[in-house]
Each structure stands twice: as structure tokens, then as C-alpha cells.
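A quick write-up on the structure given underneath.
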Amino acid sequence: MARVAAYNRPTDIKKTFKELLFYLGHYKYFLILISFLVVVAGVANLIGTFSIKWLISYVQADDQKGMIRLIVLIAINYLIGSISTFSYTQMMVIVSQKVVKDMRNDLFTKVDKLPVKYFDTTEYGNIMSCFTNDIETVSEALNNAFAAIIDNFVQLVGTLICMFLLTYQLTLIVLVFYLIMAIYLVFAGKKSKKYFLQQQNYLGKLSGFSEEAIRGIKVIKVFNHEEETLKEFGDLNDKLAISSKRALFFANSMVPIVMAISYFNYALVTILGGIFVLNKTIDISVLSPYLVFVRQSSMPINRFTQQSNIILNSLASCERIFALIGKKAEIDEGTIQVDEVDDNKLNRKFYWHFPNQKDGVEIKGDVRFENVCFSYDGKNLVLNDISLYAKPGQKIAFVGSTGAGKTTITNLISRFYDVDSGKITYDGIDIKDIKKDDLRKTLGMVLQDTHLFTGSIEENIKFGKLNASHQEVVAAAKLANADSFIRRLPNGYNTILTSDGSNLSQGQRQLIAIARAAISNPKVLILDEATASVDTYTEKLIQQGMDKLMENRTVFVIAHRLSTVRNANAIIVLEHGKIIERGDHDDLLNQKGRYYQLYTGMSELE
């Protein structure tokens, strides 16, 4: 899997590199200094090799003093090179970590501001991959490739210059072999890219199939589908293995082929160099360092081959990161804000604060839908001409089949999505005119699928009001009927929750979610009924907690069990995005329509 990642290719290298330079530009002086130190280290290595010529000349001339001076200078040269290498590697670590830190900050900042629609339409794994695999790939490339690319360039160009200075005749032969190496690298690169794309395709299919099979392993076993599943997996695995073998054949052949060509080149140059020495065309003091340069000449090419893959893979990761950072943030055109007065006793009051108006107006909780139409994709209406109202303190329940539009209504109230036409008002104000954060400050939600964060129970309850005191937390837990079970836990309110509260029962998690909503003291409460998957006793506890929470609040309830909405002020029956019935429990029974059929068991929710 790692090998596949190593050969990803960005679709727009120029644009991606330009965006990467923006982050690197914050540390341009660091990078200039690093580049200078890399050049110093590279030149020091070249001088050390070239000095073999002078050293042999001193030996031939029997000049011991000159030889000692040269040895001291060579030692100083290598010391400078070593210090430069140590310095730029340490500095590169600092710069790379600063760059990826900036990227992480920008990533999380953008994710925090993206609309809910993005998360509903994007796989969670793709988002997390940017924070983990892609960021790590960029960090690795900056640490290992940036300085190395400069060093390889210095070594390659410097080696050729030194070789020409020593003997241009033999260097022309070396250039021919360089050309042969380049031709093969281009050929193998194209072939490996082709097969790596196939490999990525089959790997994606195999990963998706494996994940689906593992998630549905119970279904596979119940229906005795193991052999068919194994056969399908085997077919995908065979295709992946074949494409991987072909891709790796060409990718892994690059270094050995280049080395083989360089060995042949070295052998030929050694023979010809020996002939030149015998013919007095060149001196032995020239041939000795020259052969060292020839021997080293293939190393920069091999490293370029390896590092180019790292760089391209890094740019592909950068492209995904920048694509996410470049997503449009949630638009908020609202101007009306919400002020609050808090007495730290679960008695928070909210006030509308209008622009250019000094005094606020207390929020009542009157919510109305006026001829609302909405579609998720801009084509298929999920809600069609919906009009309804909830007066302050009323409890409104939504009943209907799956896909009728119940959850969509609550998503529109909280402005996770905006209506296509019509409008929603809150105390007579179009909610589009209210700042989203301020609007949501007045709303509370208890969902069927409760999400708890890693941390203590108290911290999870405080999520509804971050500055709440311990006394407020306890009061909220008591209101939600959660205090008694929390106190029975070994560490009480300091009990640490992990893995979305997996160390608690489903009912206990729901009670904490109710306490979290209670501590925020919302004016409008949205309940996606939390009792659908718990036992009767726990359901009673949760229902009692929700009943207390719903007092004196405008409440919208998505009903899964009709017995829980009998006391609603109004029950709205939805089908295919339209309201087909409305009224209280007794009214709807007397109508003997869809609600009557559902309640009496003549029909069922689908």
C-alpha cells in the first residue's frame, strides 16, 4: 500500500507547486540559508575528491610539506562540509515541521467552517487522510527530498565540471552513457506510471470490497455467502497482484539498470584511461580522481529517480490538502446577533440584538415555515410547499415514513441547509438574517445517534456550555435523570469516556446527551427521538428526562414511536415531502387517515 502512495501523481503540478511555495515562503530566509549550506556541503565533497589530483602531484614531486598542508586543508574542507550538513539537516527538520503545522492549522480551520452538506457528501476517510497520510507524506518529502534535490544537482553538475576540467575526452564518453541512462529512465517511468495507475484502481476496489465484507460479515455468514465472497475477493486480489508486479518490475528496475550502465561506463573509462596514461595523454594524477568522479556520477541520477517519486507523491498529497483548504466556507450573510444573560443556574436568557439598536428583544421561540421548498441536489424536492408554525412553548411532532422529510425540517431550522424557496422565521425574523452561530446558540439538539467526545462525563456535558460550573453540570444531569447513574460510576463525573462513550450503555449515553442539551438552556429544542433502540425501563428514564427538558420550550420532535407524541400540541404527518395531515392526537384519530392507520397498527412506518 505504501508503494502505491509513492507513485501518486498530481493532476496540476504547476498550480500545486505554487500553493506549496506560499507555505514555504513564510520561511524563505531559512530555506535560502539551508540551500547555501547544502551547496557548501556539496562543493566540499567535490573539492575533497578533486584534491586527489593535487595530493598525487605532491607525492610524485616528493613534496612532504606541500602534502601535509594539503592534507590539513582537506581536513578543514571536510569539517566545513560536515558542519554544513549537520546544520542544514537540523534546520530542515524545523522548517518542515513548521510548514506542516501551518497546513494542519489551515486544514482544521477550514474543516471547522465547511457547511454540513460537505460532510454529508464526502467520505470521512478521505477527510482524515488529509490530516494523516497526506500531511505525513509532505513532512517526509520536506525532510528528505528538498535538501537532497539541491545536493544531487550540485553533485551532478559539479561532477561533470570537474570531469571536464580533468579530461574532456573521457567525459564525452561518460555523457553518452548519461544519455542512455536518461532514455531508459523515461521509458521505465512511463511504463511504471501506467501500471501503478492500474494498481491504484484495483487497490481501491479491493479495499472497498474488503471493508464492505468485514462490515457485513454477519450477513455473509447468515446467508452462507462465504465461498462467493472469497472468490470475488480472490479475483480482485489476482488483478491487483498482476498490476503490482508489472508496476514494480519497471519501478524497481531503474536503479539496477542505471547501476549496470554506470559499471560498464566505469570499466570502459578505466580501460581507456589506462591507455591514455600509458600513451602519456593524461597523467596518473588526473586519472585517479577522474575514476572516483565516474564511480560517483551515477549516484545523483539514482537519487534523482528515487526522490522524484517522493516529490511527485508529496505534490499529489499537497494537491488533496490544498483542494480541501480551497473549499468554500459556510456562507453567513446574517447581521442579527444574539445576546445572553446568564445567572449560572440553568436560567440563561437570550435576546435579539439588531444592528443600530441599543436594547435587545427577548427571544420567545416562535418558529414558522412559510411555503418552504427544498431539495438536496437542486432537482428532486424533499420538501414541497411546507407551511407550519410552532408558538413559544409548543411541542410539534413530525410523523412519516423514511424519506418523508422529517429530519430535513430540523436541518433547515438549524440552517445546516438553506431553503430553495419560501422562508423560515424565528420570532418573525427570517433566519437567513440571523448569524448562524448566534442562531444555533439558541437551539438544542438530542439525536438518536448520540456522539460523545473523548474526555470526562463532566466535559461532555459542558460541551453545551463551555463555561458552566460544576454545580450547573450536576443540575443539568439531575434534570436529565442522569445524576444517579453517574454518581454510581467509580469516578463519577470525572469518568473518562472513550470511543464515543463505548464504556456506557446506549441509554446512559442518551441521558448524557440530554444533560448536554439541558445545560445550554435552549429556547428551541430539536429531538430526534432518543428512545428507539433502548429497553422499556431506560426509555422511561429518558422520556422523563426529556419531558423535564421540554418544559417552557418550543420543541420539534421526530417521532419513531407514536406513543411518545400523544401529548404534542400538534402532530404533523409527512409523506413525500408534503403535509398530508395535522392536528393533535385525538383530532388525527378522529380523521381516521394515515395517522390513525399507523397508530392502530393498520399500517406501519416504512
Side-chain angles (χ1 to χ4, degrees), residues 105-106 108-121 324-343 347-376 378 382-383 385-394 396 407-445 463-468 516-517 519-526 552-556:
N105 284 337
D106 288 350
F108 196 83
T109 299
K110 177 49 64 79
V111 168
D112 197 42
K113 294 180 179 179
L114 288 174
V116 171
K117 181 179 180 180
Y118 175 78
F119 300 98
D120 288 344
T121 56
L324 180 51
I325 292 175
K327 294 290 182 184
K328 289 185 178 180
E330 189 172 29
I331 299 173
D332 188 0
E333 70 281 8
T335 57
I336 300 171
Q337 296 178 303
V338 171
D339 294 332
E340 58 181 281
V341 176
D342 189 359
D343 61 3
N347 193 29
R348 205 162 43 154
K349 292 184 178 180
F350 299 99
Y351 297 85
W352 297 120
H353 186 95
F354 297 91
N356 304 318
Q357 185 172 318
K358 184 177 180 180
D359 297 326
V361 178
E362 186 172 355
I363 296 176
K364 298 176 181 178
D366 185 295
V367 180
R368 298 173 184 264
F369 280 60
E370 300 177 12
N371 307 112
V372 169
C373 293
F374 173 77
S375 63
Y376 286 102
V382 179
L383 297 179
D385 197 28
I386 296 293
S387 294
L388 59 91
Y389 64 87
K391 294 180 179 179
Q394 283 190 330
I396 308 299
T407 301
T408 300
I409 288 177
T410 61
N411 283 338
L412 294 178
I413 294 172
S414 54
R415 284 200 70 193
F416 290 152
Y417 293 87
D418 284 327
V419 301
D420 294 345
S421 62
K423 68 177 179 177
I424 302 172
T425 63
Y426 191 166
D427 286 351
I429 305 166
D430 190 328
I431 62 172
K432 288 185 177 181
D433 296 329
I434 306 169
K435 285 184 174 292
K436 287 184 177 180
D437 288 346
D438 291 69
L439 168 68
R440 292 164 186 167
K441 189 188 299 182
T442 70
L443 305 177
M445 300 184 75
F463 204 82
K465 182 184 175 185
L466 296 178
N467 62 346
R516 182 169 61 191
I519 203 170
S520 69
N521 196 29
K523 292 301 296 182
V524 175
L525 184 62
I526 298 170
N552 303 317
R553 291 183 173 85
T554 304
V555 182
F556 293 95

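Just so it is clear, the model here is predicted, and its values are computed rather than measured.
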### Task
Run the numbers on E340 and K523 for salt bridge (charged side-chain N to carboxylate O under 4.0 Å, His left out), then give the verdict.
CA-CA 12 Å; E340 58 181 281; K523 292 301 296 182; over 6 Å; no

Using side-chain heavy atoms (C-beta onward) and a distance below 4.5 Å, is [X] in contact with [Y]?
| X | Y | answer |
| --- | --- | --- |
| L439 | V338 | no |
| D332 | K435 | yes |
| N521 | K465 | no |
| Y351 | K349 | yes |
| T442 | V524 | no |

Could you report the tightest heavy-atom contact between [X] and [Y], atom names first, then the distance?
| X | Y | value |
| --- | --- | --- |
| V367 | I424 | CG1-CG2, 4.3 Å |
| D366 | P392 | OD2-CD, 3.7 Å |
| F369 | I386 | CB-O, 3.8 Å |
| R553 | P522 | NE-O, 2.7 Å |
| L525 | A517 | CD1-CB, 4.3 Å |
| L443 | I413 | CD1-O, 4.0 Å |

With sequence neighbours excluded, residues passing side chain to side chain contact (heavy atoms under 4.5 Å, CB included) with [X]:
| X | answer |
| --- | --- |
| F354 | I336, W352, Q357, V361, I429 |
| Q394 | Y389, K391, I396, N569 |
| T109 | K113 |

Exceeds 12 heavy-atom contacts within 6.0 angstrom, atom [atom1] of [X]:
| X | atom1 | result |
| --- | --- | --- |
| K364 | NZ | no |
| F108 | CZ | no |
| F463 | CZ | no |
| N105 | CG | yes |

### salt bridge (Lys or Arg N to Asp or Glu O under 4.0 Å) partners of residues 419-431, not counting sequence neighbours, each pair once
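Checked against salt bridge (Lys or Arg N to Asp or Glu O under 4.0 Å) - neighbours excluded - no pair reaches residues 419-431.
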
Look up atom [atom1] in [X] and atom [atom2] in [Y], then write down how far apart they are to the nearest 0.5 Å.
| X | Y | atom1 | atom2 | value |
| --- | --- | --- | --- | --- |
| K441 | I363 | NZ | CD1 | 9.0 Å |
| K110 | Y118 | NZ | OH | 10.0 Å |
| T425 | R368 | OG1 | CZ | 6.5 Å |
| R415 | I434 | CZ | CD1 | 8.5 Å |
| L383 | I409 | CG | CD1 | 5.5 Å |
| S387 | E370 | OG | CD | 7.0 Å |

### Task
With sequence neighbours left out, write down each residue that passes ring pair (Phe, Tyr, Trp, His ring centres under 6.0 Å) with Y376, or none if nothing qualifies.
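Per chain and number, Y376 pairs via ring pair (Phe, Tyr, Trp, His ring centres under 6.0 Å) with F374, Y417.
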
Going by atom type alone, with no hydrogens or angles, which donor-acceptor pairs under 3.5 Å involve a side-chain atom of residues 324-331 and a protein atom two or more places apart or on another chain?
{"unit_1": "E330", "atom_1": "OE2", "unit_2": "K436", "atom_2": "NZ", "d": "3.2"}
{"unit_1": "E330", "atom_1": "OE2", "unit_2": "R440", "atom_2": "NH2", "d": "2.9"}

